[in-house]
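One is the number of the first residue; the rest follow in order along the sequence.
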Amino acid sequence: MRRLGITDIQTPPMVFGGNVFGWTADRETSFALLDRFADAGGTLVDTADMYSNWVPGHQGGESDAIIGEWLKRSGRTLQVTTKMGMLGSDNRARLAPHKIAEACDASLRRLGVETIDLYFAHLDDPDTPQDEVLAAFGKLIDAGKVRHLGASNFTGARLKSALDIATREGLPHYHVFQPEYNLLVRTGYEGERQDLCVTHNIGVIPYFGLASGFLSGKYRGTDDIGSSPRAGRVNQAIDLGGLKILDAMDGVAAETGATLSQIALAWLSAQPGVTAPIASATSIAQLDELVAGWTLELTRDQLDRLTAAGT
């Protein structure tokens, strides 16, 4: 178990990604996946109010609602992180105080809980002063609606600015950061943002840990993509030199007996500042494979070879 920054949230080296709930995993499959994740000792599931508004006929909030139904039906407990700031057609002032309050109440209703364990600003908002944003989140904490705050997709400069303002004005801090980060895409975390998170003990739970499934190794060329809903991202991964990374992962797999998905998440878990990567699964078999990799520890030589393959 790993502690998420200075919060009281602890998690094994994987957070369950709820973006698939109500999309590529239907309601009953989602319930079965959540059951298995909890059985395995998982503690934290990640979602957002916009999941899955990209699906025709969906409005957003479908993932929140499925998690809420599971919590009520199962009587079990998982800690939940959800996000706001990307749902809606108006992208201006996405973190305006009234939008924060309204989005939080909507997620609480869908989840059927009184308190959100970890609440994220899904995107930065250049239109709203950061002190107003933090004060609005602070009101949620004071009301018992939110326990901890996180920031997703912030630049290093804006994350640092938010931390400085919070310290100077006695406002709540972002204690968790959620960037896109994996063996293929590293610029969203490495460098200034990583340094900030390590220095300030900010927990990091990267999304797209498997690069939308590319790092599982099942997509080696255009013939493997077929009608996958993630075909666009797979093509982009190949264009970014992903096949070189897969070759390096194949070498580590031959040495360890681990699958490529397990290796991709183990590499992430070993990076400075990272608490646990977020990973999704749409079948019990996929989830069992990921869970079996929680104990995988790569050697320094293996980690270095994988890192070098992506540079």
Side-chain angles (χ1 to χ4, degrees), residues 12-26 28-30 32-34 36-37 40 42 45-46 51-52 54-55 63 180-186 188 205-271 274 276-298 302-303 305-311:
M14 189 190 108
V15 176
F16 200 110
N19 60 314
V20 297
F21 299 152
W23 175 32
T24 49
D26 63 21
E28 292 305 316
T29 300
S30 299
L33 290 166
L34 287 165
R36 184 63 64 92
F37 182 67
V45 58
D46 174 81
Y51 300 163
S52 49
W54 57 85
V55 177
S63 177
E180 180 177 4
Y181 186 43
N182 53 60
L183 269 165
L184 186 70
V185 178
R186 290 159 54 182
I205 51 173
Y207 67 89
F208 287 163
L210 297 178
S212 297
F214 179 79
L215 294 174
S216 70
K218 65 180 179 179
Y219 304 111
R220 303 272 179 163
T222 55
D223 291 343
D224 299 326
I225 298 171
S227 60
S228 168
R230 298 180 174 183
R233 288 189 174 273
V234 172
N235 280 319
Q236 183 182 36
I238 293 173
D239 291 341
L240 289 173
L243 297 181
K244 179 183 175 183
I245 295 172
L246 293 183
D247 286 343
M249 297 174 72
D250 287 339
V252 174
E255 296 165 3
T256 62
T259 68
L260 268 62
S261 294
Q262 293 168 348
I263 290 167
L265 298 186
W267 179 86
L268 269 177
S269 294
Q271 300 310 301
V274 172
I278 300 169
S280 301
T282 56
S283 70
I284 296 298
Q286 288 177 353
L287 180 57
D288 285 347
E289 175 190 350
L290 299 179
V291 168
W294 289 359
T295 57
L296 175 63
E297 292 188 14
L298 303 177
Q302 290 166 342
L303 291 168
R305 282 153 46 202
L306 293 170
T307 299
T311 57

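Under the 4.5 Å side-chain criterion, counting only non-hydrogen atoms from C-beta, M249 is in contact with L183. Within the 4.5 Å cutoff, the side chain of S30 has no heavy atoms near those of the V20 side chain. The closest side-chain heavy-atom distance from I205 to Y181 is not below 4.5 Å. The closest side-chain heavy-atom distance from Y51 to D46 is below 4.5 Å.
Between A211 and L184, the shortest heavy-atom distance links the atoms CB-CD2, 4.4 Å. Contact record, R186 with T307: NH1-O, 2.8 Å, taken as the closest heavy-atom pair. Heavy atoms only, all atoms of each residue included: P13 and A276 are closest at C-CB, 3.7 Å. Pairing each heavy atom of L260 with each of S216, the nearest pair is CB-O, 3.6 Å. Pairing each heavy atom of L210 with each of A264, the nearest pair is CD2-CB, 3.8 Å. Counting all heavy atoms, side chain and backbone alike, T29 lies closest to T282 at CG2-O, 3.5 Å.
E289 contributes no side-chain N or O that, together with a main-chain N or O of Q262, makes up a donor-acceptor pair within less than 3.5 Å.
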(request) Kindly determine whether M14 and L287 satisfy side-chain contact (heavy atoms from CB on, under 4.5 Å), including the steps that lead there. (result) CA-CA 11 Å; M14 189 190 108; L287 180 57; 3.9 Å; yes
(message) Using the rule given for side-chain contact (heavy atoms from CB on, under 4.5 Å), can you reason through S63 versus N19, listing the C-alpha separation, both sets of side-chain angles and the distance that settles it, and then say yes or no?
(response) CA-CA 7 Å; S63 177; N19 60 314; over 6 Å; no
(request) Report the C-alpha separation of Y219 and L246 in whole Å, then their side-chain angles, then the decisive distance to 0.1 Å, and conclude whether the side-chain contact (heavy atoms from CB on, under 4.5 Å) test is met. (result) CA-CA 10 Å; Y219 304 111; L246 293 183; over 6 Å; no
(request) I would like to know whether R36 and V291 meet side-chain contact (heavy atoms from CB on, under 4.5 Å); could you show each step before the answer? (result) CA-CA 10 Å; R36 184 63 64 92; V291 168; over 6 Å; no
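In this structure, the separation between CG on L290 and OG1 on T259 is 7.5 Å, given to the nearest 0.5 Å. Separating the CD atom in Q286 from the CD1 atom in I284 is a distance of 10.0 Å, to the nearest 0.5 Å. For the atom pair L33 CG and D288 CG, the distance stands at 9.5 Å (nearest 0.5 Å). Atoms OG and NZ, on S261 and K218 in that order, are 8.0 Å from each other to the nearest 0.5 Å.
Atom CD of E255 has more than 12 heavy atoms from other residues, nucleotides or ligands within 6.0 Å.
The only option from L296, L306, L303 that meets the side-chain contact (heavy atoms from CB on, under 4.5 Å) definition with V252 turns out to be L306. Residue P206 is tested with I278, V274, N182 for a side-chain contact (heavy atoms from CB on, under 4.5 Å); the sole match is V274.
Using bins of under 30°, 30° to 60° and over 60° for the plane-to-plane angle, the ring pair F21/F16 lands in the parallel bin.
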